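All values derive from a computational prediction rather than experimental measurement. Just follow the structure's listing: the first ligand is 1, and inside any ligand the first atom is 1.
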Amino acid sequence: MIEYYDISGCYILRPWAMAIWEIMQKFFDAEIKKMDIQNCYFPLFVSPGVLQKEKDHVEGFAPEVAWVTKSGESELEVPIAIRPTSETVMYPYYSKWIRGHRDLPLKLNQWCNVVRWEFSHPTPFIRSREFLWQEGHTAFATKAEADAEGKKSEMEKFAGGLYTTSVEAFVPNTGRGIQGATSHCLGQNFAKMFEINFENEKGEKGMVWQNSWAYSTRTIGVMVMVHGDDRGLVLPPKVASVQVIVIPVPYKDADTQAIFDACSATVASLSEAGIRAKADSRDNYSPGWKYSHWEMKGVPLRIEIGPKDLANSQVRAVRRDNSAKTDIPRDKLVEQVKEMLDNIQQSLFDAAKQKRDACIQTVKTWDEFVEALGQRKMILAPWCDEEEVEIEVKTRTKGEMGACKSLCSPFDQPELLEGTKCFASGKPAKKWTYWGRSY
Ligand SMILES: O=C1CCCN[C@@H]1CCCn1cnc2cc(F)c(Cl)cc2c1=O
Ligand SMILES: [Mg+2]
């Protein structure tokens with residue numbers, strides 16, 4: 001999927017990984033286009049003045065901003081920053097383009113790379129100094145249009161935002177939470193900063209209400225860790241660049257050409273039906289070698305065709321997720337393969353959800369909390385929703401495994417019984433929140 005690169009924290013995305021990103025992009029792009037969001041592309045470079053525009057936006061992040069200071073042998077007059085995110089790149093132009101209410105809503109997205117020169121140990125997909133993402137930036141005339149429904153805490157939200165919602169993933173093996181996607185309701189904070197105003201129908205001046213949202217190639221890393229097993233990758237069919245690998249199993253005196261023909265015919269009919277199928281007809285590897293090769297690469301379904309299968313005009317299908325073997329009659333090939341792929345997709349989801357749910361521990365007291373943390377759990381606890389308590393939890397849980405932080409508060413809140421106390425402060429609890437170590 002990747003190749004390590006000679007610059008630390010940077011990775012090469014090889015085709016097996018890039019194909020996953022492309023499939024995700026295709027899906028997501030179609031979805032946002034249904035919402036009249038348009039793609040654009042802003043420059044990679046940010047002028048320093050604009051970057052510094054918002055103190056509390058940049059302040060904590062300054063150490064991870066990468067700068068261009070030279071071109072050729074000569075120093076640049078003014079160093080140029082490389083975008084770590086594009087608010088400061090885009091919003092001066094939002095201000096220029098948005099004059100009247102007819103210019104709203106402005107809903108733009110860009111698919112691009114961003115650079116954050118982080119120092120915590122780099123991890124393929126999960127934490128790299130350059131990554132691919134989409135970032136959506138929308139502006140509306142009214143709060144109602146910008147407002148939406150899982151909230152981050154005040155401390156974990158986007159500095160300067162109204163509230164942040166997130167898709168919190170959890171990696172059972174490491175017991176760490178990880179943000180899969182995020183969405184911020186920015187309120188009018190950036191509108192104030194960048195003077196993004198407009199004249200409404202009544203001729204009054206108003207500031208826009210904004211949202212921004214993103215997901216990145218980090219989600220591929222989460223998929224690897226959530227679905228992988230001891231034999232390697234397990235790719236959900238929806239994102240597998242090869243969904244079915246067809247492998248000929250020639251036998252010494254059997255009609256080898258007929259077997260190879262059957263393989264290419266199988267690939268042809270599956271491809272015709274929109275299934276991403278490939279044959280591995282290489283003559284320098286044994287069938288056994290090919291089985292483990294494609295298992296390691298996570299191909300969801302393998303089809304074997306040997307003399308017996310030929311004689312019975314059937315194929316032998318083997319699932320990657322549970323190794324189940326099924327003989328499929330040739331004339332039912334497409335429909336049964338489709339059904340198996342759907343079934344694999346669903347069972348991978350169910351297995352992951354079951355694993356994730358098994359990691360969730362509901363606690364009420366600090367002692368229960370600490371015990372659950374030691375067991376690498378994702379902890380659901382009643383919280384008083386006070387920031388200093390959140391800071392205190394971070395301090396009290398600092399350790400070689402990293403500190404524990406609030407992940408998000410689920411939209412569907414369990415019942416909070418009258419008099420329930422905050423697990424950390426003992427004060428009256430206000431909401432159930434997920435806590436855990438994170439990436
Ligand atoms: O998460 C999203 C959705 C898409 C657009 N961006 C926001 C906020 C990104 C936060 N963030 C995250 N990392 C950053 C790193 C930096 F170096 C600087 Cl200067 C700023 C930031 C920063 O604002
Ligand atoms: Mg960061």
Visitor: For atom 4 (C) of ligand 1, what's the nearest protein heavy atom and its distance?
Guide: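 Result: Ala214 CB, 3.5 Å.
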Visitor: With heavy atoms of Pro84 as the reference, note each atom of ligand 1 found under 4.0 Å away.
Guide: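 In order of numbering, the contacting atoms are 15 (C), 16 (C), 17 (F), 18 (C), 19 (Cl).
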Visitor: Given the side-chain rings of Tyr215 and Trp21, with only the six-membered ring counted for Trp, is the space between their centroids under 6.0 Å?
Guide: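 Between Trp21 and Tyr215, which both carry aromatic rings, the centre distance is below 6.0 Å.
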Visitor: Is there a donor-acceptor pair under 3.5 Å between the side chain of Arg231 and the backbone N or O of Ser292?
Guide: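 Answer holds: no.
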Visitor: Can you tell me the protein heavy atom closest to atom 23 (O) of ligand 1 and the distance?
Guide: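 For this ligand atom, the closest protein heavy atom is His57 CE1, 2.9 Å.
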Visitor: Parallel under 30°, tilted from 30 to 60°, perpendicular over 60°: which one fits the rings of Phe28 and Trp213?
Guide: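 Tilted: the ring planes of Phe28 and Trp213 meet at 30° to 60°.
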Visitor: Give the atoms of ligand 1, by number and element, whose distance to some non-hydrogen atom of Ser212 is under 4.0 Å.
Guide: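 Contacts of ligand 1 toward Ser212, numbered from 1: 3 (C), 5 (C), 7 (C).
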Visitor: Atoms of ligand 1 less than 4.0 Å from Thr182 heavy atoms?
Guide: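 Matching atoms, with element in brackets: 1 (O).
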Visitor: Among Glu87, Glu135, Gln134, Glu118, which one has a heavy atom closest to atom 7 (C) of ligand 1?
Guide: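 Going through Glu87, Glu135, Gln134, Glu118 one by one, Glu87 has the nearest heavy atom to atom 7 (C) of ligand 1.
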Visitor: Sort out for me which residue in Ile220, Leu13, Ile23 forms a side chain to side chain contact (heavy atoms under 4.5 Å, CB included) with Met18.
Guide: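 Per the side chain to side chain contact (heavy atoms under 4.5 Å, CB included) rule, the option paired with Met18 is Leu13, out of Ile220, Leu13, Ile23.
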Visitor: I need the atoms of ligand 1 closer than 4.0 Å to a non-hydrogen atom of Val65, numbered in the order shown.
Guide: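 Near Val65, the atoms of ligand 1 are 17 (F), 19 (Cl).
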Visitor: Among Lys290, Lys297, Arg302, find the one that has a salt bridge (Lys or Arg N to Asp or Glu O under 4.0 Å) with Asp280.
Guide: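 The salt bridge (Lys or Arg N to Asp or Glu O under 4.0 Å) with Asp280 is passed solely by Lys290 among Lys290, Lys297, Arg302.
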Visitor: Heavy-atom count around Arg396 CZ within 6.0 Å, excluding the residue itself: above 12?
Guide: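 It does: Arg396 CZ has more than 12 such atoms within range.
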Visitor: Who's the nearest protein heavy-atom neighbour of atom 1 (O) of ligand 1, and how far?
Guide: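 So the nearest neighbour among protein heavy atoms is His184 NE2, 2.8 Å.
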Visitor: Need the ligand 1 atom indices (1-based, order shown) with element for anything under 4.0 Å from a heavy-atom of His137.
Guide: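 Matching atoms, with element in brackets: 5 (C).
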Visitor: Please work out which of the three classes, parallel, tilted or perpendicular, describes the rings of Trp97 and Tyr93, given edges at 30° and 60°.
Guide: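 Rings of Tyr93 and Trp97: tilted, as their planes differ by 30° to 60°.
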Visitor: Please list the nearest protein heavy atom to atom 18 (C) of ligand 1 with its residue and the distance rounded to 0.1 Å.
Guide: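 Ranked first by proximity to atom 18 (C) of ligand 1 is Phe61 CB, 3.3 Å.
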Visitor: In terms of residue, atom name and distance, what is the protein heavy atom nearest to atom 10 (C) of ligand 1?
Guide: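 Ranked first by proximity to atom 10 (C) of ligand 1 is Phe158 CE1, 3.7 Å.
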Visitor: With side chain to side chain contact (heavy atoms under 4.5 Å, CB included) as the criterion, how do Leu76 and Ser71 come out once you've worked through the C-alpha distance, each side chain's angles and the decisive distance to 0.1 Å?
Guide: CA-CA 6 Å; Leu76 289 189; Ser71 84; 4.0 Å; yes
